[in-house]
Amino acid sequence: MSKRTIIPFGPQHPVLPEPIHLDLVLEDEKVVEAIPSIGFIHRGLEKLVEKKDFQEYTYVAERICGICSFIHGLTYCMAVEELMKIEVPERAQYLRTIWSELSRIHSHLLWLGLTADGFGFESLFMESWKIREYILDIIEETTGGRVIFGSAKVGGVRRDIAPAKLEEIVKKLRVYQKKINDLGMVFLDDTTVKHRTQGVGILTTENAKALGAVGPMLRASGVAMDIRMMGYAAYGKIGFAPIVETEGDCYSRCKVRIRELAQSIDIIEKCVQQMKEGVIEAKVTGFPNGEFFARSEQPRGEVIYYAKANGTKFLQRLRVRTPTFANITPLLEILKGCQLADVPILVLTIDPCISCAER
Amino acid sequence: MSVLSKSPWIIHYDGSSCNGCDIEVLASLMPRYDVERFGVINTGNPKHADILLLTGSINEQNKPVVQNIYNQMPNPKVVIAVGICATSGGVFRECYNVLGGADKVVPVDVYAPSCPIRPEALIDAVVKALGILEKKKAASLAEEVKK
């Protein structure tokens with residue numbers, strides 16, 4: 001047996017925009033074990049429900065993560081609305097779906113860029129983020145913010161989008177779709193990219209199920225599981241089928257995300273076609289009472305909000321299970337036996353969002 | 001203008017931010033804003049860096065990490081607190097694991113509050129930091145002459 005070495009990876013590391021620390025136990029170049037230590041970004045947001053009232057907390061929920069911000073706010077609102085028995089107007093449901101999908105598109109493009117950077121393809125990184133800026137423009141025009149939208153609200157949404165604007169968005173997205181297709185071709189057909197991703201970090205279907213993987217990580221391992229199938233917001237009216245790949249390697253995970261980009265654009269188009277004029281928020285009276293689990297699908301996978309209230313303006317307890325936290329265990333599994341040079345791409349393949357995971 | 005202020009290298013560390021400011025820091029490097037045309041390079045090595053961009057608030061666990069990065073940077077150096085969390089703690093101020101803004105552990109030269117910061121504001125903060133960097137350099141030169 002060759003000598004074992006421990007290499008610290010993070011918390012400050014060029015490939016990571018966020019701090020996570022891994023102790024990589026190596027035998028020569030091969031990783032035999034990875035020991036994570038997390039908690040660098042822990043703030044204690046769940047406890048904050050005792051200090052911010054249930055309406056105000058929507059903004060804090062959005063700031064659990066700056067990338068999937070809207071869906072965090074949305075899921076929190078879904079939990080509180082269920083506790084207060086509020087019926088959300090139909091137009092608000094469609095608007096929520098549109099913003100959810102826009103945030104999915106920008107998040108997936110962000111991931112594609114970071115992954116390209118992870119395997120050293122700088123111009124592809126720039127290209128992905130260039131397209132992402134176009135999506136951020138749409139988000140800014142409709143909500144006022146670039147990454148934190150602030151448009152989810154208990155009982156509905158804060159802003160409406162005019163029908164003419166919706167048509168314009170669809171037209172723009174059709175143009176961006178072509179750009180995304182070109183981008184996807186590089187990720188999926190380029191020999192050098194394939195060399196880095198194909199057959200790397202294989203997560204078998206059994207392991208994916210046993211270790212509780214979620215999101216694209218799970219779908220790339222051949223499991224058709226997506227919370228959007230449950231039909232929250234307007235997904236039920238639109239009809240939704242998850243995208244599944246079977247190989248379970250980095251290439252499949254990349255493919256799932258690229259195909260989801262096209263799917264998100266389709267969903268937005270369908271929303272715009274089906275939407276009718278109407279009110280965008282229901283009146284909120286009284287205080288939440290009871291307990292409820294709200295689930296939704298983030299770009300990174302399933303997020304669960306557990307809310308418990310006792311009829312006052314402050315919630316008693318809030319618990320958030322974020323997708324990255326669920327995906328850390330599968331990550332440790334795929335790190336075992338990999339080459340040291342593949343570690344950055346494997347860490348990025350789960351689309352880590354540490355600020356979600358640690359809250 | 002010295003060479004230093006024509007091409008400052010920056011290092012970015014995420015204290016306990018929500019990611020919003022971090023992705024805007026990265027977005028500033030992208031084709032739309034492209035700070036690299038000014039010679040600004042995002043480096044991962046503190047020993048190569050002139051400007052430290054700190055996002056997010058300080059907590060017990062990241063305190064030594066931030067201090068470590070700051071101490072490793074060569075003089076003269078400038079620290080920018082990016083976003084309201086790094087300035088004062090912002091919306092997370094009341095959280096039990098938040099000690100406050102970046103100035104709790106390292107001296108901050110430029111505050112750039114907003115939630116999240118826009119790339120334009122960030123570039124403005126970096127330009128401001130360049131002036132301070134220049135002054136610090138002149139001061140250290142004067143001190144050397146004195147000796």
Side-chain angles (χ1 to χ4, degrees), chain A residues 10-19 21 37-48 50-52 56-57 59-60 62-69 72 106-107 110 113-114 117 123 125-134 136-137 140 145-148 150 353-356 358-359, chain B residues 11-34 36 42-46 48-49 52 54-66 68-69 72 83-85 89-99 114-120:
Chain A
Q12 194 271 327
H13 188 277
V15 78
L16 300 166
E18 294 179 277
H21 179 84
S37 76
I38 59 173
F40 291 94
I41 318 196
H42 179 62
R43 288 151 285 178
L45 286 184
E46 289 171 2
K47 185 91 173 154
L48 206 60
E50 294 169 8
K51 287 174 184 162
K52 305 251 183 216
E56 207 181 357
Y57 195 83
Y59 302 110
V60 181
E62 279 203 354
R63 282 163 179 82
I64 285 179
C65 167
I67 306 176
C68 18
S69 58
H72 268 296
H106 105 71
S107 171
L110 177 138
L114 290 179
D117 190 42
S123 57
F125 172 36
M126 297 280 175
E127 190 62 30
S128 312
W129 281 57
K130 193 174 104 190
I131 302 173
R132 179 175 167 267
E133 285 289 335
Y134 301 140
L136 289 186
D137 281 345
E140 193 176 352
R146 273 164 59 88
V147 288
I148 303 232
C353 177
I354 312 303
S355 121
C356 271
E358 301 177 356
R359 301 179 296 286
Chain B
I11 181 166
H12 161 231
Y13 184 73
D14 172 0
S16 57
S17 127
C18 74
N19 248 349
C21 295
D22 307 309
I23 52 177
E24 294 294 55
V25 168
L26 280 181
S28 313
L29 299 163
M30 293 305 114
R32 166 88 48 102
Y33 299 99
D34 195 16
E36 277 189 21
N42 187 13
T43 168
N45 188 339
H48 295 173
L52 172 60
L54 269 175
T55 57
S57 42
I58 299 297
N59 62 32
E60 284 297 341
Q61 197 165 357
N62 70 31
K63 211 165 138 185
V65 183
V66 173
N68 192 7
I69 294 173
Q72 284 186 60
I84 189 68
C85 298
V91 69
F92 308 133
R93 202 189 167 89
E94 287 169 305
C95 291
Y96 59 82
N97 200 29
V98 170
L99 299 177
S114 54
C115 182
I117 195 160
R118 295 183 62 89
E120 293 92 338

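All chains are named by letter (A, B, ...) in the order of the sequence lines, taking the proteins before the strands, and each is independently numbered beginning at 1. Here the structure is a predicted model, which is why all the values come from computation and not from measurement.
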Could you tell me the separation between the CE atom of B:M30 and the CG atom of A:L110, rounded to the nearest 0.5 Å? 9.5 Å
Among the listed options B:C115, B:G20, B:P31, the residue most often paired with chain A at heavy-atom distances under 4.5 Å: B:P31
How long is the straight-line distance from CD of A:E62 back to SG of B:C18, given to the nearest 0.5 Å? 10.0 Å
Which pair of heavy atoms, one from B:F92 and one from A:R63, lies closest together, and at what distance? CZ-O, 3.4 Å
With a sphere of 6.0 Å drawn around CZ of B:R93, does it hold more than 12 non-hydrogen atoms of other residues, nucleotides or ligands? no
Residue part contacting chain A, namely of B:E60, when any heavy atom lies under 4.5 Å: neither
So what's closer than 4.5 Å to chain B heavy atoms on A:Y57: side chain, backbone, both or neither? neither
Mind ranking B:A27, B:G56, B:S16 by heavy-atom pairs under 4.5 Å with chain A and telling me who comes out on top? B:S16
A:D137 CG to B:R32 CZ distance, which is reported to the nearest 0.5 Å: 4.0 Å
Say you draw a straight line from CD1 of A:I41 to CG of B:D22; how long is it, rounded to the nearest 0.5 Å? 7.0 Å
Salt bridge (charged side-chain N to carboxylate O under 4.0 Å, His left out) against A:K130, all qualifying residues, sequence neighbours excluded: A:E127
Heavy-atom side-chain contact between A:I354 and B:D14 under 4.5 Å: no
For B:I23 versus A:W129, what's the shortest heavy-atom pair and its separation? O-CZ3, 3.7 Å
Ranked by heavy-atom pairs below 4.5 Å to chain B, first place among A:V147, A:I64, A:L136 goes to A:V147
If every non-hydrogen atom of B:P116 is compared with every non-hydrogen atom of A:I148, which pair is closest and at what distance? CD-CG1, 3.8 Å
A:K51 to B:E94 - nearest heavy-atom pair and separation: NZ-O, 3.0 Å
Do B:N19 side-chain atoms and A:S355 backbone N/O form a donor-acceptor pair below 3.5 Å? no
Between B:C85, B:S57, B:G90, B:G15, who has the most heavy-atom pairs with chain A when the cutoff is under 4.5 Å? B:G15
Whether the side chain of A:K47 engages the backbone of B:Y96 through a donor-acceptor N/O pair (distance < 3.5 Å, no angle test) should be reported. no
Let me know if B:T55 has heavy atoms under 4.5 Å from chain A in its side chain, its backbone, both or neither. neither
Hey, mind stepping through B:R118 and A:E140 against side-chain contact (heavy atoms from CB on, under 4.5 Å) and telling me if it holds? CA-CA 11 Å; B:R118 295 183 62 89; A:E140 193 176 352; 3.0 Å; yes
Between B:C95 and A:G44, what is the shortest heavy-atom contact and its length? SG-O, 3.8 Å
Using the test side chain to side chain donor-acceptor pair (under 3.5 Å), find all partners of A:E133 that sit at least two apart in sequence or belong to another chain. A:R146
B:C21, part contacting chain A, at a heavy-atom distance under 4.5 Å: neither
